[in-house]
There are 2 protein chains.
Amino acid sequence: MHIDVDTLLAYGATPKEWHKGELIFSQGNEARYFHQIDSGMVKMTSLTNDAKEFIQGVFNDGNSFGEPALMLGKPYPASAYAVSDSIIYRLSKEKFLLLLEDHPVLFKKLFHIFCERLYCKTLTANILVNNSPEEKLIGFFDKIKSECKLKESGLVPYTRQQLADYTGLRVETVIRTLSKLSDKKIVAIQDHKVFYK
Amino acid sequence: MHIDVDTLLAYGATPKEWHKGELIFSQGNEARYFHQIDSGMVKMTSLTNDAKEFIQGVFNDGNSFGEPALMLGKPYPASAYAVSDSIIYRLSKEKFLLLLEDHPVLFKKLFHIFCERLYCKTLTANILVNNSPEEKLIGFFDKIKSECKLKESGLVPYTRQQLADYTGLRVETVIRTLSKLSDKKIVAIQDHKVFYK
DNA sequence: CGCTCGTTTGAGAGGACTCAAGGTAGGTGG
DNA sequence: CCACCTACCTTGAGTCCTCTCAAACGAGCG
């Protein structure tokens, strides 16, 4: 949990319900609110020229998102969608800044989260500039491994479409590349499930 | 200027000289020091599978770099090189944390810088996932435009090789794509110089 | 002049994307 | 139990275009 609910409410945050698939805010729009998820799941995505969807990040219960644009007063660089039915607390920019001012501990917490996100995005860039699909996928697997998002068995908890959305590849390319990686014994595939050690 | 020199020195920072081209720290190495440039220029780069160099960021007088890895205690996700002869202050991690603890103003300043970098890296990801060279270059031009790195005349202050290093393309592709963009009147080229409005 | 760095052009090959079609699995409802 | 739906996975064939490799030109500098 990032900011505890009582504190959020004390500063005037209001919960808002979003249904699966709904747009929470749109790329290019002005950032007005701080968002923190009470329950549900949110994805931040941007569209590529060829109408592919690129996943900038995924957020769960307790996570907040969209802060940089809010704090810089710039338009959102990506859109946010509810992946499942979600309840999200919203707090106006002014009150959010006040809250941070009053609570140095929360400020430090957010700072630490920003460190993690910066680190994560640097690794992501490393993955995206690789023009070999094999390297992109291996890079992505190493990244989620270091983030402990792999199951203990090494199971990759993503669909092929999601792997495509994270790496900027097409689904078919992901599938064909996974086959090659399987031939090379770099990943194992059982019942369509992908395993990586 | 990020942290003023007197403060840095008071906490035990020491200046170190680097010559053009020298490696300051290497991808994969443990982060031990906070780095702030007194004078000179530093680039952070990572290598792709096909031995291309990708520029994660460039830093000048007064800028600091490499903080996220330092604060997270993780290995550097990219390498840092001196682009020109540089003098860089180094401060041990413990003392740096102490300094931030003692100076909330500097802490907030760094926080703000992190906001900017996160925003920047999100835009960068948008550029990199585009698989059309034209869109990559236009995206990059829009990005540096929004960051006010374009000259007033619209001059793009980068060599073709640098454009390649920022977009993950090859030099030849950059050149050929610039020609197309010039035909389409999206950029203007005069005496090998590129102009974008 | 010779060197380096950046720029340019050409020809060729490889491979990712595109489009189209069909298969598989899980869940729902009659 | 079976038909149906939806979402995900798979495969094939063909095109396009970026990368690769090679060569050469221009500018700046010692």
Side-chain angles (χ1 to χ4, degrees), chain A residues 19-21 41 43 47-55 81 83-84 127-140 155-184 187-195, chain B residues 19-21 41 43 47-55 81 83-84 127-140 155-184 187-195:
Chain A
H19 291 103
K20 180 180 175 180
M41 189 185 272
K43 67 175 177 185
L47 280 182
T48 67
N49 60 323
D50 50 346
K52 261 182 328 200
E53 185 173 77
F54 173 66
I55 300 180
Y81 293 89
V83 176
S84 60
I127 292 171
L128 294 178
V129 284
N130 270 313
N131 53 11
S132 137
E134 296 195 14
E135 295 293 335
K136 281 191 186 182
L137 281 176
I138 293 173
F140 180 72
L155 175 69
V156 176
Y158 295 100
T159 68
R160 277 132 179 87
Q161 182 62 58
Q162 285 175 319
L163 292 177
D165 293 343
Y166 275 107
T167 54
L169 298 169
R170 293 254 97 128
V171 199
E172 300 93 330
T173 307
V174 169
I175 289 168
R176 288 188 250 255
T177 306
L178 284 177
S179 301
K180 287 184 202 166
L181 292 179
S182 175
D183 291 345
K184 293 184 181 175
V187 305
I189 298 180
Q190 282 175 17
D191 298 334
H192 302 176
K193 297 194 196 84
V194 181
F195 296 85
Chain B
H19 293 104
K20 180 180 174 178
M41 189 184 274
K43 67 175 176 184
L47 280 182
T48 68
N49 60 322
D50 50 346
K52 263 183 329 199
E53 185 172 75
F54 173 67
I55 301 180
Y81 293 89
V83 177
S84 60
I127 291 171
L128 295 179
V129 284
N130 270 312
N131 53 11
S132 138
E134 295 195 15
E135 295 293 335
K136 282 192 185 182
L137 281 175
I138 294 173
F140 181 73
L155 175 68
V156 176
Y158 296 99
T159 68
R160 278 136 179 81
Q161 182 61 58
Q162 286 174 317
L163 292 178
D165 292 343
Y166 275 107
T167 54
L169 299 168
R170 294 256 95 124
V171 200
E172 300 94 329
T173 307
V174 169
I175 290 167
R176 288 187 251 255
T177 306
L178 284 177
S179 301
K180 286 184 202 167
L181 292 179
S182 175
D183 291 345
K184 294 184 181 176
V187 305
I189 298 180
Q190 283 175 16
D191 299 333
H192 302 176
K193 297 192 196 87
V194 180
F195 295 87

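In what follows, chains carry the letters A, B, and so on, assigned in the order in which the sequence lines appear, proteins first and then strands, with residues in each chain numbered from 1.
- Straight-line distance from the CG atom of B:Leu163 to the P atom of C:dT8: 11 Å, rounded to whole Å.
- One finds no side-chain N or O of B:Arg160 lying less than 4.0 angstrom from the OP1 or OP2 phosphate oxygen of C:dG6.
- Annotation for B:Gly168 and A:Val129: closest pair CA-CG1, 4.3 Å, computed over non-hydrogen atoms.
- Note: CG (A:Asn130) to P (D:dC19) measures 13 Å, nearest angstrom.
- Counting heavy atoms from C-beta on, the side chains of B:Val156 and B:Leu163 come closer than 4.5 Å.
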Kindly give the atom pairs (protein nitrogen or oxygen, nucleotide nitrogen or oxygen) under 3.5 Å for nucleotides 16-25 of chain C.
residue	atom	partner	partner atom	Å
C:dC17	OP2	A:Thr173	OG1	2.4
C:dT18	OP1	A:Arg170	NH1	3.4
C:dT18	OP2	A:Arg170	NE	3.3
C:dT18	OP2	A:Arg170	NH1	2.1
C:dT18	O4	A:Arg176	NH2	3.2
C:dC19	N4	A:Glu172	OE2	3.1

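- Side-chain contact check for A:Glu135 versus B:Thr48: every heavy-atom pair is 4.5 Å or farther apart.
- The nearest whole Å value for the distance from the CG atom in A:Leu178 to the P atom in D:dT11 is 11 Å.
- Atoms NZ and CG, from A:Lys52 and B:Asn131 in turn, are 4.0 Å apart once rounded to the nearest 0.5 Å.
- Regarding B:Asp191, its CG atom lies at a distance of 18 Å from the P atom of C:dG6, rounded to whole Å.
- Looking at heavy atoms from C-beta onward, A:Leu137 lies in side-chain contact with A:Leu178 at the 4.5 angstrom threshold.
- Nearest heavy atom pair, residue A:Lys43 against residue A:Glu53, reads NZ-OE1, 3.1 Å.
- The separation between B:Gln161 atom CD and D:dC19 atom P is 12 Å, rounded to whole Å.
- At whole-Å resolution of the value, CD in A:Gln190 and P in D:dC9 are 16 Å apart.
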